[in-house]
Amino acid sequence: MLKYDFSFAFKETLESGLIFDELLETGKSTSTIMEKVNSPEPGFLRILGDDSILDEVKTLEDWLENFENFVVIGIGGSALGNQALHSSLNPLNWNNLSREKRMKKARIFVLDNVDPDMVSSILGELDLKLTVFNVISKSGTTAECMSNYLIARGLLDKLGLAASEHFIFTTDSEKGVLREIADREKIRTLTIPDDVGGRFSVLTSVGLLSALAEGIDIDGLYEGARFGRERYLRDNVKSNPALVNALIHYAYMKKGYNISVMMPYSNRLYTLADWYRQLWAESLGKKFDFNGRIVHTGQTPIKALGAIDQHSQVQLYNEGPKDKVITFIKLEDFGNQLTVPFIHSDVEALSYLNGVELAELLNAELRGTSIALASNGIPNLTITFPQIDAFHVGEFIISYEIQTAIAGSMLRINPYDQPGVELGKKLTYAFMGRRGYEEIRDRYEEKTSWRFEL
């Protein structure tokens, strides 16, 4: 079970900020808030009600054993969750291990951008005969995703490799470009649930297939998520840390704290902060509320890594504008134990490190940074993983999905849409010459015709 420490989030330990009684006062209406969050039940919670998604993904386990490499082709919610599971639940050097040390499970690669250097560097090192590509797009029209699909498809075609044996599409159950191609060419498919948006989809086939391919315990992910569903849907602030965390962030947003920093003190947990950034930003950054009023609300999420960013960002956090809430992610048991040897014991500036475990040092750095921030009046909280395993990662994921829904309800906005992304997509289609987008290209080129370039 994850542990939460909110001690440094309140005025009682800070120079200013949220008073604990304010949280309790806000919390009086939490039963109504939680009812709105869960009625109707959102798709990311509904999917935990049975094993249908797990069972569908597991049918592919034997087929996946044929491949040395598993390549995810997706972007945003179709990639970030995969990366978070991969980095947190397997060793950081997983792709460099021998097949035997990986217990014959696949190496994982993610094509989530159309940077030609990145795409070339990944595809150029793979034996495509031993590679499967998982193309993830509900519509099958995402420009970045489909460009990388076409490039990978072209390479396979040149080698005479059958697309039906080297591709699997994760897409809409009935419609879309990928569904049409799959039906025509007998390509394997998995379904993205209609009621689960991309950034909430990591516990669907979107994230579970790559996890299965590299031997991650997907049953454990669901076990942790189901535990979290029970824990984090309570309407009592004294027994629901996800609710408390959402209330804290909401209250500080109202006080002008418009930045949320997530700072894991673990390299393996760092990509969870990447996943969180999209979830929090795309869900809560909205122009209109439920009533159509212009509100321009949201909180900007930033990722940092302890202890590295103590030496690059914490100066700003401590002495810069008081507009940030900091969330530390702590790990109690790193699994690996490294002890500093007894060298230079006669040098006072170094001898105190002799015999110290690196995990002990890293967590001391976290504690020192947390207290220093609090002494400067900067609200911060700590979420502790007892160890990194599928259960606790699943619990963390569902915790933040629920927190996001709570914050959306309190801000009176829709946390499940992303209208601010759509115009950029349409203009990309227009500039790349996609038919049907000529009018929007002409309209916005006229609006942006003024230039000042050097």
Side-chain angles (χ1 to χ4, degrees), residues 2-23 241-242 244-281 284-285 297-332 334 349-350 352-353 356-385 396 399-400 403 407:
L2 300 176
K3 294 183 286 188
Y4 297 74
D5 186 348
F6 300 109
S7 303
F8 293 150
F10 296 99
K11 187 175 181 179
E12 282 77 1
T13 53
L14 306 171
E15 297 173 355
S16 59
L18 179 65
I19 300 171
F20 184 69
D21 286 344
E22 288 182 79
L23 182 84
V244 172
N245 202 13
L247 290 171
I248 286 171
H249 280 76
Y250 171 79
Y252 274 110
M253 270 190 265
K254 293 301 181 182
K255 294 178 181 291
Y257 289 69
N258 294 317
I259 297 174
S260 170
V261 179
M262 181 170 284
M263 191 170 183
Y265 275 68
S266 161
N267 283 65
R268 285 176 62 189
L269 296 176
Y270 190 36
T271 49
L272 284 175
D274 280 306
W275 172 81
Y276 162 73
R277 283 195 307 166
Q278 185 203 7
L279 182 70
W280 204 246
L284 303 183
T297 192
Q299 191 178 45
T300 301
I302 292 176
K303 68 171 184 175
L305 178 63
I308 292 171
D309 286 317
Q310 289 176 200
H311 302 272
S312 67
Q313 296 183 36
V314 167
Q315 169 63 34
L316 172 68
Y317 299 166
N318 262 316
E319 296 189 358
K322 290 192 175 183
D323 56 0
K324 303 169 191 68
V325 181
I326 319 291
T327 300
F328 294 109
I329 308 295
K330 178 182 177 181
L331 177 58
E332 288 183 336
F334 283 78
L350 300 178
Y352 77 99
L353 294 172
V356 170
E357 291 186 2
L358 289 187
E360 178 187 359
L361 173 60
L362 191 60
N363 283 334
E365 301 243 28
L366 187 159
R367 184 167 180 247
T369 304
S370 174
I371 293 173
L373 286 165
S375 69
N376 280 295
I378 311 303
N380 65 89
L381 58 107
T382 301
I383 302 174
T384 300
F385 280 71
F396 180 89
S399 162
Y400 267 94
Q403 286 178 52

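Worth knowing before you read on, the calculation uses all heavy atoms, side chains too, and leaves out hydrogens, waters and symmetry mates. Since this is a predicted model, take the numbers as computed values, not measurements.
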Please answer whether the main-chain N or O of I378 pairs with a side-chain N or O of N380 as donor and acceptor at a distance below 3.5 Å.
yes
Decide yes or no for Y317 and T369: does some side-chain heavy atom of the first lie under 4.5 Å from some side-chain heavy atom of the second?
no
Which class fits the ring pair F385 and F396: parallel under 30°, tilted 30 to 60°, perpendicular over 60°?
tilted
Grab the two heavy atoms, one from L366 and one from Q310, that are nearest each other, plus how far apart they are.
N-OE1, 4.3 Å
Sole residue of Y400, W280, W275 in side chain to side chain contact (heavy atoms under 4.5 Å, CB included) with M262:
Y400
What's the shortest heavy-atom distance between F6 and P241, and which atoms?
CZ-O, 3.5 Å
Nearest heavy-atom approach of D309 to S312 is OD1-OG, 2.6 Å
Go through it in stages, so that I can follow the logic: the residues are S260 and Y276, the test is side-chain hydrogen bond (donor to acceptor under 3.5 Å, both in side chains), and I'd like the CA-CA distance, side-chain angles, deciding distance and then a yes or no.
CA-CA 10 Å; S260 170; Y276 162 73; 2.6 Å; yes
May I ask you to test the Y270-I308 pair for a side-chain heavy-atom distance under 4.5 Å?
no
Side chains of R277 and I302 in contact at under 4.5 Å (non-hydrogen atoms):
no
Is there a side-chain contact between K255 and L18, using heavy atoms and a 4.5 Å cut-off?
yes
The test is side-chain contact (heavy atoms from CB on, under 4.5 Å); show your working for M263 and I329 and say whether it passes.
CA-CA 6 Å; M263 191 170 183; I329 308 295; over 6 Å; no
Show the nearest heavy-atom pair for residues V261 and A304, with the distance to one decimal.
CG1-CB, 4.2 Å
Tightest non-hydrogen contact, residues S7 and T13, listed as O-OG1, 2.7 Å
Between S370 and R367 (side chain of the first, backbone of the second, donor and acceptor by atom type, cut-off under 3.5 Å), is there such a pair?
no
Flag the pair K11 and E22 as a salt bridge only when some basic side-chain nitrogen lies within less than 4.0 angstrom of an acidic carboxylate oxygen.
no
F334 meets the side-chain contact (heavy atoms from CB on, under 4.5 Å) criterion, sequence neighbours left out, with S266, L331, A359, L362, N363
Please tell me if the side chains of F8 and F328 come closer than 4.5 Å, counting only heavy atoms from C-beta onward.
no
Does the side chain of N267 reach to within under 4.5 Å of the side chain of L305, using non-hydrogen atoms?
yes
Does the side chain of L373 reach to within under 4.5 Å of the side chain of N318, using non-hydrogen atoms?
yes
Please check if atom NZ in K322 has more than 12 non-hydrogen atoms from other residues, nucleotides or ligands closer than 6.0 Å.
yes
At their closest point, which heavy atom of K303 faces which heavy atom of A273, and how far apart are they?
CB-CB, 3.8 Å
Return the CD to CG distance between E360 and L353, rounded to the nearest 0.5 Å.
10.0 Å
Please identify each residue that fulfils ring pair (Phe, Tyr, Trp, His ring centres under 6.0 Å) with Y352, with sequence neighbours left out.
none
Worked verdict on D323 versus N258 for side-chain contact (heavy atoms from CB on, under 4.5 Å)
CA-CA 6 Å; D323 56 0; N258 294 317; 5.5 Å; no
L316 versus K324: any side-chain heavy-atom pair under 4.5 Å?
yes
Go through L284 and Q299 one step at a time and tell me if the side-chain contact (heavy atoms from CB on, under 4.5 Å) criterion holds.
CA-CA 7 Å; L284 303 183; Q299 191 178 45; 5.6 Å; no
